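Before I ask anything, let me first share the structure, which is written out below as structure tokens.
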Amino acid sequence: MIFGSGIIRGMFVTLKNFATSYFRKPDEGGLFTVEYPEKRIPLKERFRSFPFLVYDGTPENLRCTACDICARECPPKCIYVVRAADQDGRPLRRPAAFTIDYSVCMNCGMCEEVCPFDSIFMDHEFEIASQDRYRELVYTLTKLLKSNEYFNNIRPRDAQAVDKKRREAEEKKKLAAAQAAKPKLDEPPKPV
Amino acid sequence: MEYLDQLFVFAKRLMLDLLARFLPDWIVLVASMVISIVAILIFAPLTMMYLTLLERKVVGRIQNRIGPNRVGKFGLLQPIADGIKMLTKEDIVPFQADPVLHFLAPVIIVMPALLIFAVIPFGRGMTAVDLNIGILYFIAVSSISTIAIFMASWGSRNKFSLLGGMRTVAQMISYEVPMVLSVVPVILVAETLSTNAIIEAQSAGWFVWTPWGLAGFLIFFLCAVAECNRSPFDIPEAESEIVAGFHTEYSGIKFALFYMAEFISVFAVSALAVTLFLGGWKGPWLPSWLWFLLKAYALIGVMFWFRGTLPRFRVDQLMGLAWKFLLPLALINIFVVGFWYFSPGLWKWVGSLGILGPSFWIFTKLNRSYVPENRVYRLAEDENNETVGA
Amino acid sequence: MDEKTVTVQDTNPMDTETLEVNFGPQHPSTHGVFRMNIVLDGETIVSVKPVMGYLHRNHEQIAENLTYAAVMPYTDRLDYFNSMANNFGYALAVEKLARIEVPERAQYIRVIMAELTRLVNHVSVIGFLLNDLGAFFTPVLYAFREREKILDIFEAISGSRMMCNYFRFGGVKRDVSDADLEQIRKIVQKFPAFLDEFEALLTKNEILCMRCQNVGVLPPDLAVNASITGPVLRASGVNYDIRKVDRYSIYERFSFRIPLGDKGDVYDRYYVRILEMRESVKILEQALKGIRPGEFIHPKSTSFLKLPRNFKPPVGEAYGRVESPKGELGYYLVSDGTPQPWRYHVRSPSLINLTVLEDLCVGHKVADAIIILGSIDIILGELDR
Amino acid sequence: MGAISTNNRVGSAILHGRNCVPTLKDVMAFLETLIKIAVYAVMAVTIVAAIGVVTLHNLFHSALALVGVLLGIAGVYLALQADFLAGIQVLIYVGAVMTLVIYAIMLTQRLGDKNIPQTNRQGFAAAIVTLLLLYLLIGTVCRTPWLANPPARHIPASALDLGQALMTTYVFPFEAISVILIAALIGAIVIAKKEREP
């Protein structure tokens with residue numbers, strides 16, 4: 001082997017890449033740059049950025065029941081939930097305040113996994129940079145709420161599965177309610 | 001054709017003629033100098049600016065990236081944006097630095113780089129000053145930049161700068177020797193030190209097409225790359241080892257001046273290599289200055305190509321390459337050119353190749369520590385082993 | 001930088017002064033906030049003191065205050081280049097502790113992910129090593145070109161490119177679709193060609209050989225005594241790979257070989273990684289052939305994944321380890337029957353491999369210290385935890 | 001190009017590289033004065049730098065002043081039309097010798113940092129010796145029968161002549177110097193070579 005042949009071989013590899021960058025496709029040795037703000041890589045369906053809350057129909061009709069499980073299980077503890085109460089002080093099954101500190105959130109998706117009411121899911125929105133982390137990155141309930149249609153839009157497979165599950169559960173509930181209602185008529189009330 | 005070839009010469013003559021109609025003689029004389037100087041002062045920074053862009057583009061393409069493309073079409077305004085950024089940046093002088101040296105170093109380092117342009121023959125009749133010691137002038141002036149690097153590294157009072165400065169000087173001194181010796185064959189054959197006369201001596205054929213010319217060209221080019229501190233000889237500013245070497249503590253316009261000196265000397269040494277070995281501005285069809293620039297930019301492109309491909313040497317290996325490999329080869333090359341000069345016909349080809357080839361082989365054999373070892377790797381699968389060579 | 005100089009005891013007038021230089025914590029090639037306190041004689045290294053702890057973030061203490069499941073995303077951040085391998089080790093430890101079965105398909109998915117991670121890590125480490133050697137980003141960008149494709153797969157499967165958080169006790173978080181498997185097949189098919197190109201660029205390059213051969217030689221006995229693991233150990237010629245030794249998960253089903261180095265220098269560490277990637281490709285091919293439809297998580301574990309606080313492993317201890325791309329990554333867990341681990345310890349290969357740094361560097365040049373550090377392959381997230 | 005008439009003598013003189021025609025005498029005289037002023041300025045700077053070499057307290061600064069002196073001397077050579085010698089002066093002294101000197105200063109870090117006293121007890125004796133040397137030099141300069149200025153200026157001192165002189169008339173001193181240099185090189189290596197402890 002002549003001294004220097006390895007270098008020359010390496011030079012030809014770079015020369016080849018220089019030349020192919022002008023006409024090959026990205027996965028065959030062409031340019032693999034994506035010019036970001038103008039062009040984007042389509043997001044994967046399972047991509048997870050930050051959590052958001054789903055509502056059905058109108059924002060008042062949100063799924064969250066303020067059960068606080070997500071806040072307890074959140075590894076970096078970035079979720080803060082306050083349960084709503086009526087005038088008499090009895091707790092309601094909805095949050096009065098639901099705040100997620102996005103600057104603390106580590107995108108692990110734990111909240112999504114543990115939520116028993118299919119309410120919190122991971123979003124696809126990742127361009128949340130801002131000048132003020134305290135004012136802009138602490139997301140309150142109004143900013144967190146997004147419609148089920150949006151959810152269906154960004155993650156169709158997951159959303160459809162969730163919708164199907166919820167429909168089945170509702171039907172079961174209806175059936176159970178109907179069945180529970182039926183014997184009430186038939187059977188005489190039990191003695192207390 | 002003739003008109004295109006002498007475009008810049010005619011332009012200067014036209015300007016002088018116009019001046020001569022209204023102004024006294026001595027002003028015209030001074031104007032003649034000023035025009036040349038201004039042309040160089042415009043050309044040099046412009047070259048530097050667009051070389052930075054070219055380098056980023058070429059290396060980007062080598063790495064399958066696009067390179068700068070945001071400022072202007074194809075990023076053509078990028079150098080201007082960089083310049084504005086450099087100018088507006090804060091100028092930081094370290095607390096314990098030697099303020100005078102710290103300030104003077106970037107100023108002094110640009111001077112030799114610009115002075116070199118005086119003897120570069122950009123085209124037929126386009127040498128600013130046709131010195132009869134042109135080559136010597138080039139070598140002498142470019143050796144001054146070592147002092148400036150010293151001032152920068154010592155004046156910054158930073159250990160990385162100091163290390164970078166010491167590396168620089170060791171490298172510059174070492175590579176100057178084979179570089180000068182590789183020029184000697186050309187001077188012997190052309191019997192002159194003037195750049196223009198050397199180009200004229202290549203009318204019959206470029207020197208690079210002879211065995212001694214090729215060897216001399218390769219030695220000269222490698223040394224030139226080392227003199228400019230370019231990859232793979234960029235140990236004085238090895239960013240992965242000593243941060244930025246001698247210009248670690250520079251920011252803003254002072255840093256830009258170091259950058260400018262580097263790129264201007266890249267152009268200058270390429271231009272000299274073209275002058276000495278590649279026939280200078282000689283070439284068919286195209287205007288002479290275009291030929292010259294094309295050849296020079298091709299060499300610069302090779303430098304960028306090196307940068308995109310090769311890792312860098314270590315200090316001791318760098319020294320070893322200069323002293324144990326390039327220097328003896330350059331000395332033998334001087335002998336070969338003598339042989340070439342005095343031998344007839346085919347005999348000189350056989351003879352010079354017969355000397356150069358074996359000596360190359362012998363020097364690689366003598367420098368065994370630089371030759372890659374062959375390694376054998378075992379591939380273990382529980383009990384039975386298998387071997388594979390690398 | 002302090003201006004202290006160390007004077008040599010020797011009074012020979014020709015002796016030069018030594019110079020103490022701090023490489024880092026802000027230095028381009030210490031791979032993060034790591035500091036090397038190097039004493040130099042000219043360019044030759046007299047002594048090296050590694051200074052760690054700039055990225056210490058209480059990982060173990062945090063984990064001891066979380067539920068077992070909630071530690072999983074934190075393990076991603078240990079060695080942020082190979083989150084899948086980190087997940088794997090932790091999942092193994094908890095499964096050992098709580099005696100959870102893992103279904104076959106999940107095992108296959110785990111192996112595929114772990115080996116893809118190995119490709120990602122080794123290819124980038126070689127790129128970064130070349131950067132330390134002074135190549136102007138070309139190898140590292142070629143490496144990243146391939147890495148991006150694998151990270152795309154990770155994103156499609158787990159939802160995140162680097163912080164995958166994909167493994168669960170008793171399986172994996174989600175199933176892998178056939179389309180994703182097809183994509184992986186395509187990548188695995190093309191990978192050897194890329195490796196050939198990469199080798200053409202590097203392996204025989206004279207400058208690389210000059211710089212790397214016989215630099216930072218780690219003798220096998222020192223390597224064993226310092227409990228070095230991973231490619232660094234194997235480059236010294238010691239046949240020790242947890243995949244073969246422990247035969248965890250389903251590694252005994254695949255036929256693959258362990259590349260062993262010749263001299264234990266930087267070049268061997270580089271080339272052993274290349275050979276290991278080729279073996280990984282073999283494992284991936286076999287795994288992709290062998291994977292069958294089935295459960296991706298044990299049905300029993302789904303219940304406690306919904307309610308992590310109800311997951312209380314029996315009192316006891318367990319040590320789960322995997323051959324992470326950097327070496328033996330082990331998790332030691334002690335359970336006291338509560339939802340939180342009583343003790344959680346990580347045996348991080350980066351930290352333990354780094355202990356021989358001074359032995360490798362002394363007597364070499366400054367430039368060598370940088371590439372020795374690069375060839376050991378540290379990740380500060382794991383080193384400082 | 002015929003359209004542009006070269007009716008101007010200066011222009012044509014410059015363009016065609018011919019020596020200036022007599023009518024340009026005034027111009028040339030003016031330029032000569034300029035050059036003279038420049039040469040005297042260079043000489044003055046050289047002397048200032050030379051004083052700096054011996055008075056500056058920082059060794060590194062002194063070395064840089066010495067660089068200035070050597071460059072100034074190169075300038076004087078240029079003014080005397082010894083181009084080749086000027087080039088060699090810059091190449092050897094500035095490019096090589098001074099670089100090595102500064103390198104040595106930088107290697108011995110304490111020397112570079114400290115302010116070193118520039119006087120010692122032998123100042124008086126040194127002054128006497130210097131004055132004697134000065135007397136000797138002035139005496140030699142006065143006694144030498146210098147050629148008259150105009151012909152002296154046209155003594156060709158090209159590289160060719162220098163080379164021929166070195167290879168013929170002065171070949172013995174030339175070779176002797178190279179032997180001395182080799183001896184110095186070997187001596188330096190012997191001194192600097194470290195004793196290897198067993």
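Side-chain atoms are counted along with the backbone in the values below, which use heavy atoms only and exclude waters and symmetry mates. Remember, predicted model here, so these are calculated numbers, not experimental data. Letters go in sequence order (proteins before strands), and every chain restarts at 1.
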Inset, instruction - Starting at CE of M172(B), measure out to CZ of R167(B) and round the result to the nearest 0.5 Å. - result: 14.0 Å
Legend entry - Interatomic distance, D316(B) atom CG to L321(B) atom CG [nearest 0.5 angstrom]: 11.5 Å
Legend entry - Validation row, ring centre F217(B) to ring centre F220(B) under 6.0 Å: no
Legend entry - V245(C) portion near chain B, given a 4.5 angstrom heavy-atom threshold: neither
Inset, instruction - Measure centre to centre between the rings of Y259(B) and F263(B), then say whether the value is under 6.0 Å. - result: yes
Legend entry - R234(C), part contacting chain B, at a heavy-atom distance under 4.5 Å: neither
Inset, instruction - Tell me, out of I371(C), L130(C), N214(C), who's got the most heavy-atom pairs with chain B below 4.5 Å. - result: N214(C)
Inset, instruction - For chain B, find which of L208(C), N205(C), N131(C), D265(C) contributes the most heavy-atom pairs closer than 4.5 angstrom. - result: D265(C)
Legend entry - Under 4.5 Å from any heavy atom of chain B - which part of D241(C): neither
Legend entry - Structural part of E279(C) lying under 4.5 Å from a heavy atom of chain B: side chain
Inset, instruction - Sort L133(C) into side chain, backbone, both or neither according to what part of it lies under 4.5 angstrom from a heavy atom of chain B. - result: both
Inset, instruction - For the residue pair F221(B) and F306(B), categorise the inter-ring angle as parallel (less than 30°), tilted (30 to 60°) or perpendicular (more than 60°). - result: tilted
Legend entry - F144(C) six-ring face occupied by R147(C) cation (under 6.0 Å, within 45°): yes
